There are 2 protein chains.
Amino acid sequence: METVGTAVDALPRPGLRERKKQRTRDALVRAALELIATRGYEGTTVDDITAAVEVSQRTFFRYFASKEDVAFFVARLAESHVVDAVRGRPPGEAPLEVLRRAVLDSWDTINEAVEQLVPLDLHMRVYRVIESTPALLAAHLRRATELEEELARIIAEREGLDVDADPRPRILVAAFGGVIRVAERRWSAGDDLSTAAMRDLMTTCLDHVGPALAENWRTG
Amino acid sequence: METVGTAVDALPRPGLRERKKQRTRDALVRAALELIATRGYEGTTVDDITAAVEVSQRTFFRYFASKEDVAFFVARLAESHVVDAVRGRPPGEAPLEVLRRAVLDSWDTINEAVEQLVPLDLHMRVYRVIESTPALLAAHLRRATELEEELARIIAEREGLDVDADPRPRILVAAFGGVIRVAERRWSAGDDLSTAAMRDLMTTCLDHVGPALAENWRTG
DNA sequence: AGGCTAATGTCAGCCACTGACAGATGACAA
DNA sequence: TTGTCATCTGTCAGTGGCTGACATTAGCCT
């Protein structure tokens, strides 16, 4: 029996059953991501994944709603960190600045949390597959808009506005999200998959929003 | 590649075989959209569609790459009109204004073209299903980003820029696209599904981009 | 120990989608 | 008109994602 290593003393002690579930889920995630990163998404069947972990296909679908779902297990982690970072911004800060700083600042904690689960390198290889696989890219974009909706509500609450009455929260977040995706795409397409490179790209892209919306690009 | 639009095309007369194909395709589209609009996307099987048209399932998949594909048949029409409208904008016009006017101005011609194929009302009901069905929404968003990529290239060309070197074209289009999607969503969620309502929503949303990105929302 | 409950495996089946092969049908030239 | 040919279509078999139903196993608790 391989133990997990880190001494986790949660208040309600996990219990054997709960720990077994955790191990199965993690094993499925790791096996799935490893296979997807090497063979590609369509080249990996659910049976491949379950065979690697030695569980039945049915069990896989009890842990994950779909084959897509397991590919975004790590991404879900990252999203929750971004949401927390936005919530943690000081009141009075300008909305756009809230988003900008939250995204840039959360990268380090995100990477830390990801490494608890899978090697960072694996996560990045999977991300490339997501960007280059139509079905996964589509799912990624849908997830992104759901995140945007959540962020818009948070921003609206900060500003004391009604999201459905005032369009600015959703518009700001949508524009911001679009820019972030441009950065993500450049990142996944480029050579440098480091965190620093990602931060630089996002900074650059965000700095160009103003000029891009300006009347005349020549004066830039 | 079928060019449906302008009348300056079909010099070689269709031929019986070609006309039959056209009829089959149109019948499939109409049957599919009607079923999807009434029973919903997941409630409609490909067999339902092919049964309504009395062709084999195999034939359906020779006309459409997937079940999703048929749901976006009309949307493809609309997209090509937007692209044409952007290409037709006078040189010298500011990039953001190009997108804005192209989208707003093409709505009428789009509706005209759509009605050649299916009732406008049906198209709108299908659009609502797209927005509310996760799988279709995901596909819609992926298609939207592909359209954005095309528009970014056109904008870059207008301005004499290299899309991969200067980030502004993609950023502008991404931000613009995000705002458009907010408008689309409000439109599909609201009561008034008229063209005028859509145009108003888009105008309102676009007018709020500047203020939304501003430092302090209270001064608005 | 024994009962309760939750996790898992097995099985059957639906649906989207595909390759291979065979038959039907316009297109076109002799 | 007829025969050849390319193309469209249907049938069939099979794969893969996904689900419901039911039986079995295994942690939990008294």
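Bear in mind that the values here come from a model prediction, so they are computed numbers and not experimental data. Labels below follow one simple rule: chain letters A, B, ... track the order of the sequence lines, proteins then strands, and each chain is numbered from 1.
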Checking D/dG17, D/dC28, C/dA27 against the side chain of A/L16 (C-beta onward), the nearest is D/dC28
The correct set of residues in residues 125-133 of chain B placing a heavy atom under 4.0 Å from DNA chain D is none
| Is a side-chain donor or acceptor of B/R30 paired with a backbone partner of B/L117 at a separation under 3.5 angstrom? | yes
### Message
If we ignore hydrogens and angles and just use 3.5 Å, is the side chain of A/Y41 paired with the main-chain N or O of A/E68 as donor and acceptor?
### Response
yes
The nucleotide from C/dA16, D/dG17, C/dG9 with an atom nearest the side chain of B/F61 is C/dA16
Expected list for residues 36-45 of chain A near DNA chain D, using heavy atoms below 4.0 Å, is A/T44, A/T45
Rounded to the nearest 0.5 Å, the CD atom of A/E157 sits from the CG atom of A/D162 at a distance of 11.5 Å
To the nearest angstrom, the CD-C1' distance between A/E54 and C/dT8 comes to 14 Å
Carefully, step by step, assess B/D48 and B/T45 under the rule side-chain hydrogen bond (donor to acceptor under 3.5 Å, both in side chains).
CA-CA 5 Å; B/D48 291 338; B/T45 69; 3.2 Å; yes
Heavy-atom closest pair (A/T44 atom, A/L35 atom, distance to 0.1 Å) is OG1-O, 3.3 Å
The test is salt bridge (Lys or Arg N to Asp or Glu O under 4.0 Å); show your working for B/R143 and B/D69 and say whether it passes. CA-CA 11 Å; B/R143 297 177 51 77; B/D69 198 35; 5.3 Å; no
Rounded to whole Å, NZ of B/K67 lies from C1' of D/dC18 at a distance of 13 Å
When A/T24 and B/A65 are each assigned the nearest nucleotide of DNA chain C, the 5'-most assignment goes to A/T24
From CD of A/Q57 across to P of D/dG16 the rounded distance in Å is 10 Å
B/K21 atom NZ is separated from D/dT7 atom P, nearest whole Å, by 10 Å
Review point. Would you say B/S56 reaches D/dT11's phosphate, i.e. side-chain N/O to OP1/OP2 under 4.0 Å?
Key: no
- prompt: Parallel, tilted or perpendicular for B/F73 and B/F64, by the 30°/60° rule?
  reply: perpendicular
Taking D/dG10, D/dG17, C/dA16 as options, the one with an atom nearest any side-chain atom of B/V55 is D/dG10
Assert: residue with more 5' nearest nucleotide on DNA chain D, out of A/R62 and A/D47, is A/D47
Taken to the nearest whole Å, CZ/B/R58 to C1'/D/dG14 is 12 Å
Whole-Å distance, A/D69 CG to D/dT19 C1', equals 16 Å
Item checked: Candidate pair B/E149 and A/R185, rule salt bridge (Lys or Arg N to Asp or Glu O under 4.0 Å), full reasoning -> CA-CA 11 Å; B/E149 174 66 19; A/R185 196 145 162 275; 3.3 Å; yes
Atom CG of B/D48 and atom P of C/dC15 are separated, to the nearest Å, by 8 Å
5'-most contact on DNA chain D (nearest-nucleotide basis), B/R17 vs B/F60, goes to B/R17
Against the side chain of B/Y63, the closest entry in C/dC17, D/dT9, C/dT25 is D/dT9
Check whether B/T38 reaches the backbone of B/E34 with its side chain - one donor and one acceptor, N or O, closer than 3.5 Å.
yes
* Asked: Counting only N and O atoms by type, is there a donor-acceptor contact under 3.5 Å from the side chain of B/H123 to the main-chain atoms of B/P119?
  -> no
Rounded to whole Å, the NZ-C1' distance (A/K20 to D/dA26) equals 7 Å
